Each structure stands twice: as structure tokens, then as C-alpha cells.
Student: 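Have a look at this one before I ask anything.
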Number of protein chains: 2
Amino acid sequence: MSVQRKPKKQSAHSSQPPKQKSGKRLAPNLRAEQILKGAIRFFAAHGFSGQTRELASDLGISKGLLYRYFPSKEALIESVYQEVFLRRWSPTWQAVLTDRNRPLIERLKAFYADYAKLPLEYEWGRIYLYAGLAGASINRRYVRLANERIFRPVIDELRHEFGFRPIEQLEITEPEMELMWSLHGSIFYIGMRKWVYHVKAPSDIDGAVKQLVEGFYANARTMMHATLPRNMSL
Amino acid sequence: MSVQRKPKKQSAHSSQPPKQKSGKRLAPNLRAEQILKGAIRFFAAHGFSGQTRELASDLGISKGLLYRYFPSKEALIESVYQEVFLRRWSPTWQAVLTDRNRPLIERLKAFYADYAKLPLEYEWGRIYLYAGLAGASINRRYVRLANERIFRPVIDELRHEFGFRPIEQLEITEPEMELMWSLHGSIFYIGMRKWVYHVKAPSDIDGAVKQLVEGFYANARTMMHATLPRNMSL
DNA sequence: CTGTTTAATGAGCGTATGCTCAATAAGAAG
DNA sequence: CTTCTTATTGAGCATACGCTCATTAAACAG
């Protein structure tokens with residue numbers, strides 16, 4: 001079992017014929033960040049069945065180095081989830097949605113103009129889909145977040161706007177929830193057209209989102225008046 | 001090398017210890033069909049990176065047999081596309097949508113109640129997503145089909161209903177197209193909630209689709225009156 | 001039964017892929 | 001320069017995966 005040391009001379013230079021080198025010997029925190037960002041780009045493009053060899057080659061580093069910073073491919077993917085889905089949630093959204101000094105329709109337009117950037121982004125959308133198809137739990141976690149911080153507050157604001165009981169007094173109905181889902185589905189689908197189907201997306205995305213929010217608002221009013229009991233205080 | 005014949009009695013009955021055996025030596029057309037159906041189920045669940053070995057094992061046949069009926073995994077996938085996306089298009093949809101003896105809103109509800117079954121189906125939805133993420137051309141082909149046979153006819157019928165010029169005289173506008181996409185996106189997203197995110201879907205799917213169509217119809221009227229030129233003949 | 005056809009099998013080939021580890025060298029400190 | 005630390009490398013292992021092909025046996029004709 002004696003490992004015969006190979007005298008392999010091969011002195012340093014001769015260097016890199018292949019890709020762009022990263023200026024070797026980075027500080028660990030910088031290298032980790034670089035790998036994570038590269039992994040997001042890579043997995044968004046190739047899915048999670050993409051090979052670690054190819055990812056390393058894209059980054060201009062060796063495959064071994066990858067495993068110095070992330071113990072396994074699975075751990076790397078988990079870090080990708082964290083970075084993509086949880087680090088981008090803006091803390092100001094809550095305040096925007098519930099600021100009753102502004103007209104609700106205006107708040108909704110402002111919020112969705114900003115929020116829609118997430119699902120309309122290439123990396124966010126594709127990784128979200130790959131994760132969902134793979135059965136990862138991140139999607140359910142994200143949906144729970146969106147439900148608590150967007151769906152429920154928006155419905156409560158709509159109730160207030162149109163003169164119905166708040167959701168603490170009258171639980172959210174299925175038609176109300178479906179209307180919320182419909183809005184989010186329509187927004188997400190714009191991204192899918194761009195990043196999954198590669199068909200024409202609207203030239204004016206902000207305008208398209210605005211149109212969706214207006215339609216949502218109008219349909220919400222109609223639907224609530226048709227299905228909710230009148231507020232006693234009126 | 002004399003292969004010692006094992007006396008393995010096991011006459012027909014006693015049958016399957018491992019999986020469901022397929023009752024061996026099927027007629028070629030039946031076997032091909034069985035493999036194709038199994039492949040649809042399998043790829044919908046595991047994606048196209050699923051292994052042929054596992055597919056064969058699921059079917060209860062050897063991996064070699066798979067390659068007797070389909071020359072390569074790629075060819076099998078192509079057959080899956082054909083079967084899932086092109087064999088399920090109903091020839092009666094056109095007639096339903098354009099039958100001006102019925103009120104348009106009624107036609108729309110009837111059509112989408114039927115059509116929505118496609119994207120809301122487990123296999124259809126997941127395979128459509130996997131194909132799109134893999135960059136297959138089938139999605140673009142499908143979108144072109146939907147555009148010609150659904151989007152354009154529906155917009156033309158809406159124009160007629162609300163008193164605007166037909167699409168041959170006035171090309172479809174971006175807001176009109178976005179409204180169509182929004183409806184389809186909302187429907188598709190119901191399926192995604194079920195088959196991709198595994199979160200709660202509406203208990204009454206037919207009712208949810210009906211609500212979406214009603215909202216779509218109302219928003220279409222508002223939007224057309226706000227953005228299209230009045231019909232000269234009025 | 002015998003012979004013929006062909007559906008079906010599974011060992012095995014070449015390559016791909018996640019991951020390890022001994023060796024190497026870049027940079028800092030003296 | 002020398003010494004020390006540690007970021008970085010890449011050959012290599014074990015297994016996975018698409019696919020082939022020689023062999024086997026089910027069904028049928030005579």
C-alpha cells in the first residue's frame with residue numbers, strides 16, 4: 001500500500017488555458033460569497049442536476065475547493081435557497097401595505113411594483129420552480145411567509161376599504177384567497193413567459209403589473225359585495 | 001459457461017413478487033403504449049433526469065426492452081411530449097368559443113371549464129414545466145397553438161361583444177394580450193399550487209375557474225372601453 | 001413433440017458524477 | 001532569504017447512468 005510519490009515536476013506557470021481565473025488565494029469569506037453567487041447563476045440555468053465539476057469550471061476554481069466551503073452539493077443548494085428567497089424580503093413592504101393615510105389602490109400599486117421584481121427575476125423564478133419540482137420544502141415555507149405578510153394584510157385592507165368586517169372577526173373566504181392567488185399567479189406567469197417558455201413578454205412590465213393590480217382591485221370589490229355579509233356598523 | 005437451467009417452475013400464476021409484472025410477451029403495440037404511459041407518469045414525477053433503469057423497474061420490464069421500442073431516452077421524451085401536449089387538444093373548442101348563438105360569457109365559462117382540465121392535471125403541468133426549464137421547443141409550439149386557437153378568437157369575440165372592431169381591422173393590443181395571459185396564468189397557477197408547491201388548492205376548482213372567467217370578462221370590458229377606439233358603425 | 005420467430009433479459013461497456021485527500025504553492029511574518 | 005499557515009489543486013475512488021448485445025424463452029405452426 002506504499003503510495004509511490006510521483007515526482008510530478010510541472011511548475012506553476014503554464015497556468016490557465018481554459019477560463020477566467022479568479023486571482024487566486026482569496027479571503028475565505030470572499031471566496032464563499034463568490035461561490036454562492038456563482039452557484040445561484042449556475043443552478044438557475046442548469047437546474048440542480050447540474051454538475052459540480054461544471055460549476056467549478058465556470059467559477060474558474062477546482063472542484064475540490066468547492067467542497068472546502070460547502071460540505072456537499074446539498075448544503076450548497078440549501079444555501080442557495082436561503083440567499084435567494086429569504087434575504088430579499090423587504091422589511092418596508094408591511095408598512096407600505098398598511099399605511100391608511102394613502103388610498104389603498106395606490107398602496108397596492110406601489111407594493112406590487114416593487115414586490116413583482118422578485119418573481120419576475122430570472123434566478124428567483126427558475127430556482128423557485130426547480131425547488132418546487134424537486135419537492136423542496138422552501139416553497140411551502142415561502143408561501144406561508146407570503147400568506148402572513150401579504151395575502152392576509154391585503155385582504156384585511158380591502159375589507160376595510162369596502163366596508164366589511166376585518167379578518168379577525170370574519171375569517172378569509174375561499175373566493176378572497178383565490179383572488180389573491182390569481183394576482184400572484186398572473187405576475188409569476190409573466191416571468192415564466194420570459195424565463196421558462198422564452199416567448200414574448202410585455203414590453204412595459206410595470207404597466208402590465210399596474211393593469212393586473214387595477215383588475216384585481218375592481219374584481220375584489222365586486223366579489224366582496226357579492227359574497228360577504230354587510231358590515232353591521234353601516 | 002454452461003448455463004445451468006434453473007428449474008424455476010413458477011407457472012403463470014404465483015406471479016409477481018417484486019412489482020406489478022406486465023404479463024410477459026405483450027404484442028409490440030401494446031408494449032409500446034404501456035411504456036409510453038409509464039414514461040409519462042415517471043417523468044412527471046422525477047423529471048427528465050430520472051433514470052431509465054428506474055423507469056424500467058417501475059414498469060416491471062428490463063432496461064434492454066425499453067431500447068427495443070424507443071431508440072434513445074431522448075426519443076422517448078419526444079414521444080412523451082407528443083402524447084401529452086398534442087393528443088389532448090379537443091377539436092370542438094373552436095366551435096364552442098365562436099358560436100354566437102350563445103352569450104359570450106357562457107361560452108367562455110363552458111370552454112374554460114373544459115380546457116382548464118389540461119393545465120390542472122398533474123402530468124400535463126409538471127411535464128410542461130420540466131420541458132420549459134430544459135429549454136425544449138415544445139412550449140413555444142404550444143403557446144403558438146394556444147395563441148391561434150384561443151387567444152385570438154377570444155379577443156375577437158370580446159371585441160364583437162363590446163362593439164369594437166374585429167382583430168383583422170385593428171391588431172390586438174398589448175393590454176388585451178396581457179389580459180388573456182393573466183387568465184391563463186391564474187389557471188395554471190392553481191395547478192402549480194397543487195402539483196409543484198403542494199399547498200392548499202381551492203376545494204371547488206370549477207368554481208374558482210368560473211370566478212376567474214367572470215373577473216376576466218369584467219376587466220376585459222373595462223379595459224377595452226378605456227383603450228380601444230370606438231367602433232365607427234355606432 | 002420439433003422448429004421458427006421474436007419478445008424479453010441482464011451482464012457489461014464507456015463515460016459521468018459527487019466527493020476525498022495527499023500534495024502544492026501563495027502570501028504573511030521574521 | 002526562510003519558515004509557517006492555509007487556500008488551492010487534481011488524480012482518483014465508488015457509484016450512477018445511457019445504452020449494447022449475446023443469450024433465453026414464450027408463443028405458435030407443423
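Chain identifiers are assigned alphabetically (A, B, ...) following the order of the sequence lines, protein sequences preceding nucleic acid strands; residue numbering begins at 1 within each chain. Because the structure is a prediction, the values reported are computed rather than measured.
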Student: How many whole angstroms separate atom CG of L26(A) from atom P of dA28(C)?
Tutor: 13 Å
Student: What's the CZ-P distance between R68(A) and dA22(C), to the nearest Å?
Tutor: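 Checked: the CZ to P distance equals 15 Å.
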Student: Check the angle between the aromatic planes of Y189(A) and F188(B) and answer parallel, tilted or perpendicular using the 30° and 60° thresholds.
Tutor: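 The arrangement is tilted - the two ring planes meet at 30° to 60°.
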Student: Do H184(A) and Y112(A) have side-chain atoms, one donor and one acceptor, less than 3.5 Å apart?
Tutor: yes
Student: Which whole-number value in Å describes the distance from L66(B) CG to dC19(D) P?
Tutor: 10 Å
Student: Go through the steps for R149(B) and L97(B) under the test side chain to side chain contact (heavy atoms under 4.5 Å, CB included), then give the verdict.
Tutor: CA-CA 9 Å; R149(B) 314 242 183 122; L97(B) 276 177; over 6 Å; no
Student: Counting heavy atoms from C-beta on, name the nucleotide in dG18(C), dA8(C), dA7(D) closest to the side chain of L65(A).
Tutor: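 Side chain of L65(A) sits closest to dA7(D).
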Student: CD of E54(A) versus C1' of dG18(C): gap in Å, rounded?
Tutor: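 So the two atoms are 14 Å apart, to the nearest Å.
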Student: How long is the line joining CD1 of I35(A) and C1' of dA7(D), in whole Å?
Tutor: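 Rounding to the nearest Å, CD1 of I35(A) and C1' of dA7(D) are 11 Å apart.
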Student: Counting side-chain heavy atoms from C-beta on, which of dA8(C), dC19(C), dG18(D) comes nearest to S62(B)?
Tutor: dA8(C)
Student: Hey, what are the protein-to-nucleotides 12-16 of chain C N/O distances that come in under 3.5 Å?
Tutor:
| residue | atom | partner | partner atom | Å |
| --- | --- | --- | --- | --- |
| dG12(C) | O6 | R53(B) | NH2 | 3.3 |
| dG12(C) | O6 | K63(B) | NZ | 2.6 |

Student: Given atom NZ of K73(A) and atom C1' of dA16(D), what is their separation to the nearest angstrom?
Tutor: 12 Å
Student: Between the side chains of K73(B) and E78(B), is the shortest nitrogen-to-carboxylate-oxygen separation below 4.0 Å, so that they form an ion pair?
Tutor: no
Student: Find the distance H46(B):NE2 to dA16(D):P and express it as a whole number of Å.
Tutor: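 Going from NE2 in H46(B) over to P in dA16(D) covers 15 Å.
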Student: Relative to the ring of F85(A), is the ring of W124(A) parallel (under 30°), tilted (30 to 60°) or perpendicular (over 60°)?
Tutor: perpendicular
Student: Using a heavy-atom cut-off of 4.0 Å across all strands, would you classify Y69(A) as base, sugar-phosphate, or nothing?
Tutor: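 Contact class for Y69(A): sugar-phosphate only.
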Student: Hey, is the side chain of Y67(A) poking within less than 4.0 Å of OP1 or OP2 on dC21(C), counting only N and O atoms?
Tutor: no
Student: Please work out whether the ring planes of Y115(B) and F111(B) are parallel, tilted or perpendicular, with thresholds of 30° and 60°.
Tutor: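 Parallel: the ring planes of Y115(B) and F111(B) meet at under 30°.
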Student: Is a side-chain donor-acceptor pair under 3.5 Å present for E54(A) with S57(A)?
Tutor: no
Student: Does the pair R193(B)/E178(A) count as a salt bridge with the N-to-O cut at 4.0 Å?
Tutor: yes
Student: Any side-chain donor paired with an acceptor under 3.5 Å for E157(B) and T98(B)?
Tutor: no
Student: Please state how far atom CG in N29(A) lies from atom P in dT6(D), giving the value in whole angstrom units.
Tutor: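 After rounding, the reported distance stands at 15 Å.
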Student: Could you pull out the protein-nucleic contacts involving nucleotides 26-30 of chain D (nitrogen or oxygen on both sides, under 3.5 Å)?
Tutor:
| residue | atom | partner | partner atom | Å |
| --- | --- | --- | --- | --- |
| dA26(D) | N3 | R25(B) | NE | 3.3 |
| dA26(D) | N3 | R25(B) | NH1 | 3.2 |
| dA26(D) | N3 | R25(B) | NH2 | 3.1 |

